[in-house]
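Here's the structure, in structure tokens; my notes come after.
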Amino acid sequence: MSFILFEIKDGLALITLNRPDKLNAFNKDMALDFQNKLDECSSAEVRAVYITGAGKGFSAGQDLAEVMDPNGPGLKHVVSEHYNPIVSKIRRLEKPVVAAVNGVAAGAGANIALCCDIVVAARSASFIQAFSKIGLVPDSGGTFYLPRLIGWQKASALMMLGDKVSADEAERIGMIYKVFNDDEFKEASLQIARTLSQMPTRGLAFTKKALDWSISHTLDEQLTNEDVLQQRAADTADFKEGAKAFLEKRTPVFVGK
Ligand code: LHQ
């Protein structure tokens, strides 16, 4: 059985975390396969990525049975070899990545979702910074993204107390973009990803880069960064098509170049 389901359809890569009986908790094989599939997403045919979970959970984070198994891969390299590359690959991927959180997202499962470009959730989903409850430190970029998304105080409290945050509350506090009713969630979240997959891919990649750069640059530096990226965006075929279609009062057809 494959712990990651992967399919590319009409420019959209669909990645499904697939250990439903364990709420898609990450074991070594699943983490490494996820990395491989993220690498495959850099191919030109992929113009957007959609990540979700099989069954009723998104991901319960690290498989705790595996890290406690004396014959398992051990705890020493889990963060550096399993989770850090996943977060880096998602951020470096020059495509928009949608996390479609279909159920509970805990520990590394929550923080991998939160590093994605657009995070949406089913109304019955929830987010838990589960680390503190077992004596661990938030990882997978959680200490980087969560305070930036919801502010220091709330992030600090959620990470220390390990409270379960409902999807509605996550939307209210700006942790995620939108919540959809459970019966509409799959189609509505896929529609966001499909829309992105037909948009100007290079322009979206430069937007992602500009947002990432804004974290570590001054205003003056960032104004220069925006200028540089705008020149690059203006050189794309999709910009030319977008402007031309606007002037001709027709719907543009973007090709991702
Ligand atoms: C699980 C897990 C799980 C194994 C549910 N492992 N089986 C980095 C570096 C090094 C070390 C460790 O970790 C990390 C990163 C991290 O992610 S640390 C955080 C690890 N995750 C957690 O601590 C969350 C543990 N899980 C839970 O608290 C609950 O399962 C949640 C709140 C996620 C869901 O609760 P329920 O909806 O009540 O489901 P459940 O607890 O009944 O779980 C269903 C099954 O999944 C169950 O198996 P079973 O065979 O009894 O039906 C659980 O044992 C299994 N499962 N999470 N992380």
Side-chain angles (χ1 to χ4, degrees), residues 1-5 15-35 37-38 51-91 97 99-116 119-147 149-150 155-170 175-176 179 182 185:
M1 186 182 80
S2 177
F3 294 134
I4 299 287
L5 306 179
I15 297 178
T16 305
L17 310 176
N18 187 39
R19 290 186 78 209
D21 54 327
K22 298 291 172 198
L23 296 175
N24 305 317
F26 279 93
N27 60 15
K28 180 177 180 177
D29 287 348
M30 181 164 140
L32 298 185
D33 199 16
F34 192 12
Q35 291 177 25
K37 297 302 185 272
L38 287 167
I51 302 172
T52 197
K56 70 184 178 87
F58 177 77
S59 170
Q62 171 61 38
D63 184 322
L64 295 173
E66 185 186 66
V67 279
M68 296 307 289
D69 179 353
N71 302 314
L75 204 143
K76 201 165 166 225
H77 303 289
V78 169
V79 172
S80 63
E81 292 176 13
H82 297 187
Y83 298 112
N84 290 355
I86 290 172
V87 173
S88 300
K89 284 173 193 293
I90 289 173
R91 292 315 312 159
V97 180
V101 180
N102 53 303
V104 67
N111 290 340
I112 287 169
L114 295 179
C115 85
C116 293
V119 189
V120 294
R123 184 144 277 124
S124 62
S126 55
F127 296 81
I128 312 175
Q129 294 292 321
F131 309 89
S132 63
K133 294 189 169 176
I134 53 170
L136 289 178
V137 175
D139 59 24
S140 305
T143 59
F144 189 85
Y145 285 106
L146 196 60
L149 289 166
I150 63 171
S156 170
L158 292 181
M159 287 179 160
M160 290 193 176
L161 294 168
D163 292 342
K164 183 191 266 200
V165 179
S166 69
D168 280 321
E169 175 73 350
M175 193 193 291
I176 65 171
V179 178
D182 286 11
F185 169 71

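Owing to the predicted nature of the structure, the values given are computational and were not obtained by experimental measurement. Atoms within a ligand are numbered from 1 in the order they appear, just like the ligands themselves. Basis for what follows: all heavy atoms, side chains included, without hydrogens, waters or symmetry-related copies.
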Inset, instruction - Taking the side chain as every heavy atom from C-beta outward, state whether M175 and L158 have any atom pair closer than 4.5 Å. - result: yes
Take [atom] and look for protein heavy atoms under 4.0 Å from it; say yes if you find one, no if not.
atom: atom 3 (C) of ligand 1; answer: yes
atom: atom 54 (O) of ligand 1; answer: no
atom: atom 41 (O) of ligand 1; answer: no
atom: atom 27 (C) of ligand 1; answer: no
atom: atom 46 (O) of ligand 1; answer: yes
atom: atom 38 (O) of ligand 1; answer: no
atom: atom 57 (N) of ligand 1; answer: yes

Quick one: closest heavy-atom pair of [X] and [Y], and the distance?
X: A100; Y: F58; value: O-CD1, 3.6 Å
X: L38; Y: I86; value: CD1-O, 3.9 Å
X: S132; Y: M160; value: OG-O, 3.0 Å
X: N111; Y: P138; value: ND2-CB, 4.4 Å

Using a strict 4.0 Å cut-off to heavy atoms of [X], name the atoms of ligand 1 that fall inside it.
X: D139; value: 8 (C), 9 (C), 14 (C), 15 (C)
X: G61; value: 17 (O)
X: A108; value: 15 (C), 16 (C), 17 (O)
X: G107; value: 17 (O), 19 (C)
X: L136; value: 11 (C), 12 (C), 13 (O), 18 (S)
X: D63; value: 4 (C), 6 (N)
X: D21; value: 45 (C), 46 (O)
X: I128; value: 32 (C)

Among all protein non-hydrogen atoms, which one is nearest to [atom], and what is the separation to 0.1 Å?
atom: atom 30 (O) of ligand 1; value: L23 CD1, 3.9 Å
atom: atom 7 (N) of ligand 1; value: K22 CD, 4.0 Å
atom: atom 6 (N) of ligand 1; value: L64 N, 2.9 Å

Inset, instruction - Give the single entry among K133, Q129, E66, Q62 that approaches atom 17 (O) of ligand 1 most closely by any heavy atom. - result: Q62
For ligand 1, is any non-hydrogen atom under 4.0 Å from [X]'s backbone (N, CA, C, O), its side chain (CB onward), both, or neither?
X: A25; value: side chain
X: F131; value: side chain
X: L75; value: side chain
X: V79; value: side chain

Inset, instruction - Report yes or no: does N111 have a heavy atom closer than 4.0 Å to ligand 1? - result: no
Legend entry - V87, V97, I176 screened by side-chain contact (heavy atoms from CB on, under 4.5 Å) with C116, the one that passes: V97
Legend entry - Polar atom proximity, V78 to ligand 1 (N or O, under 3.5 Å): no
Inset, instruction - Report the distance from atom NZ of K56 to atom CG of L23, rounding to the nearest 0.5 Å. - result: 5.0 Å
